[in-house]
Amino acid sequence: MSDTSQLTLPVAADDSADLIEAVARRQDRAAFAELFRRFAPRVKAFVMRSGTDADTAQEVAQETMVLVWRRAETFDRSRAGAATWIFTIARNKRVDLLRRATHAGFDAEDYVQFSTEAPESADHAAISRQMRERIGAVMQHLTADQVEVLRMAFFQDKSHSTIAEEMKLPLGTVKSRIRLALLRLREALQGDSL
Amino acid sequence: MIRHPAPSELLLDYASGALAEGPALLVAAHLAYSEEARADVATLEAVAGAMLESMPAESLDDDALARTLARIEAAPTPAPETWSNDDAQKIVGTDIPAPLRRYLPQDARWRSALGGIEEIELPLSDKTYRATLMRIGAGRGLPMHRHAGSEYTLVLAGGFADGHERFDRGDVCIADPAVEHKPVADADQPCICLLVTEAPVVLTGLFGRLLNPFLKR
C-alpha cells in the first residue's frame, strides 16, 4: 500500500479536462497516469462509502480508468466537467460489477431527433452547462436536509425510498426535498449567469 | 412540451445508479424527449462529480496503475451490434431512442398478447422487472388492471388517456400498486409505449379473473 497523503490535494479547476483531451488526441500515457493519480483513489473511496469492500472498490476504480482511456474521445467539456464525466463512468461500472446489470445511458444525438420542447428550455440547459462547473458554490443554496438526501443517494447508492426508510421520513417528504433541491439548484444556476 | 416528465426522485435514482435496470432504461429513453429532465440529470451528476472530487483519496495497491495499463493493452471487447434507427423504425412502427434500440432483440417482431394488444419484449438482465414495447390499436383500451408492483409507461408514439389525464409522446406515467386504471389509446392512431412492470399485472373484473391464471410468469 502506498502513502496516501500526497493524493489528498484538491483537484485543480479543470485541467483534468485537458488531461482527458490529451489521452483522446495522442494517447498520452503521462496525462493518463496523472488522471489515474487524481481519480482512481477517489473513485475507490467513493465506492467504499456504500459499504463495498476495498478489493471490489479498487476493481471498480481500475475498470473505470480503463474506460476513461477507451472513451476519452467521447468526452466533451462543453457538456460536463471531468469529475462529472468520470463519476458517470464509475457509476455505470458500479452497477455493472456489483449488480451485474446494465445502467442504460443516454445518447446525445437522440435529442435532436426526439425533442419537442420549446427553445427557451434549451437556453436554460446551455446556461446550466456553463455554470455546472461551479456546482460546489451553488450547493450552498441548499438546506442541510436537502444536501443530506443527495449525499445518501450518491455516496451510499441508495434509492429515495430506501433513504425515506432509513431516515424514518414519509416518502412524500423525501420526494419534496429532492424536488426542492433541484428547484434551488436550477434557480441558483440561472441566477449566477445573470 | 413534455406535460408529464419523470418526477425528480426518479431522476435522482437514475443519476445515482440506484434505480433498477428496467426503470433506468425507461428514464434513459425519456431523456431523449425531455430537455428539462436532461438538464436536471446533468445537474445532479455535476453534484455527484463535485462530491467525487472532494473525496479523501483511498490508497490503491502499488501496481494498480501498471495493472490498469496492462488491461488497456488487451483488446477491448467489441461493442455488440445494435439496430440502426431506420431498421428499428421499420420493425417497431416508430422511431425509438438509442437506449431502447440497444435492448431490441435481433429477432424482434410484434406478437399478439392478451386483450388485443401486441408486444415486443426487451430482455433485461435484472429479472425483477419486465420491459416490453406495447402497441394498442387506435381507440382500444387495455383491460382494467391493477398492479402487484410499480408500473412505468413511456409514450413513444400516439397517445392515451387514463381517466382524466392525457399522455403523449415522451410523457411518463407511473402507476403504483394501489391504482386500478384503464388506459385507452387515442382514436386516430395506435399508441406505442415502453412498459416497465415490477411484477405480474393483476387483471380485475370477471374476464380478467378468468384470464389471470394464464398470466403468471
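Each chain gets a letter, A, B and so on, in the order its sequence line appears, and its residues count up from 1. These figures come from a predicted structure and were not determined experimentally.
Other residues, nucleotides and ligands contribute only 12 or fewer heavy atoms inside 6.0 Å of the CD atom of A/Glu73. Heavy atoms from other residues, nucleotides or ligands lying under 6.0 Å from CZ of B/Arg71 number more than 12.
At a 4.5 Å heavy-atom cutoff, the contact between A/Phe36 and chain B is made by side-chain atoms alone. For B/Leu19, the part sitting under 4.5 Å from any heavy atom of chain A is the backbone (N, CA, C, O) and nothing else. When heavy atoms are compared at a cutoff of 4.5 Å, A/Val43 approaches chain B by way of both its backbone and its side chain. Heavy atoms closer than 4.5 Å to chain A are found in the side chain of B/Tyr103, but not in its backbone. Neither the backbone nor the side chain of B/Leu124 comes within less than 4.5 Å of any heavy atom of chain A.
Put simply, the side chain of B/Leu60 does not reach to within 4.5 Å of the side chain of A/Gln62, judged on heavy atoms. Taking the side chain as every heavy atom from C-beta outward, A/Phe32 and B/Thr68 approach each other to under 4.5 Å. Counting only heavy atoms from C-beta outward, the side chains of B/Met51 and A/Arg49 never approach each other to under 4.5 Å. Proximity of A/Met139 to B/Val47: side-chain heavy atoms (C-beta onward) are separated by under 4.5 Å at one or more points.
Residue A/Phe87 holds its CZ atom at 8.0 Å from CG of B/Leu52, rounded to the nearest 0.5 Å. Annotation: the span from B/Leu12 atom CG to A/Met152 atom CE amounts to 11.5 Å, rounded to 0.5 Å. Separation of atoms CE (B/Met55) and CE (A/Met48) is listed at 9.5 Å; rounding is to 0.5 Å.
Inspection of non-hydrogen atoms places A/Ala153, A/Phe154, A/Phe155, A/Asp157, A/Lys158, A/Ser159, A/His160 of residues 153-165 of chain A under 4.5 Å from chain B. For residues 142-151 of chain A, a heavy-atom distance under 4.5 Å to chain B picks out A/Val149, A/Leu150, A/Arg151, given by residue number.
Between chain A and the options B/Leu26, B/Val41, B/Leu100, B/Leu65, heavy-atom pairs under 4.5 Å are most frequent for B/Leu65. Ranked by non-hydrogen atom pairs under 4.5 Å with chain A, the options B/Ala48, B/Gly170, B/Ser54 are led by B/Ala48. Most heavy-atom pairs under 4.5 Å with chain B, from the set A/Leu185, A/Val66, A/Leu182: that is A/Leu182. Options B/Leu69, B/Asp63, B/Leu11 differ in how many heavy-atom pairs under 4.5 Å they form with chain A, and the most are formed by B/Leu69. Ranking B/Val27, B/Leu10, B/Leu44 against chain A, the residue ahead of the rest is B/Leu44, based on heavy-atom pairs under 4.5 Å. For chain B, the option among A/Arg70, A/Arg179, A/Lys175, A/Met65 with the highest count of heavy-atom pairs below 4.5 Å is A/Arg70.
In terms of modelled atom types and a separation under 3.5 Å, the side chain of A/Gln58 and the main chain of B/Asp61 share a donor-acceptor contact. Judged by distance alone, with hydrogens and angles left aside, the side-chain atoms of A/Arg42 form a donor-acceptor pair with the main-chain N or O of B/Glu53 at under 3.5 Å. Of the possible donor and acceptor atoms, one in the side chain of A/Lys44 sits under 3.5 Å from a partner among the backbone N and O of B/Ser59. For the pair A/Arg91 (side chain) and B/Ala15 (backbone), a donor-acceptor distance under 3.5 Å is present.
A salt bridge does not link A/Glu63 with B/Arg67: every distance from a Lys NZ or Arg NE/NH1/NH2 to an Asp or Glu carboxylate oxygen is 4.0 Å or more.
When all heavy atoms of A/Ile135 and B/Ala50 are compared, the pair lying nearest together is CG2-CB, 3.5 Å.
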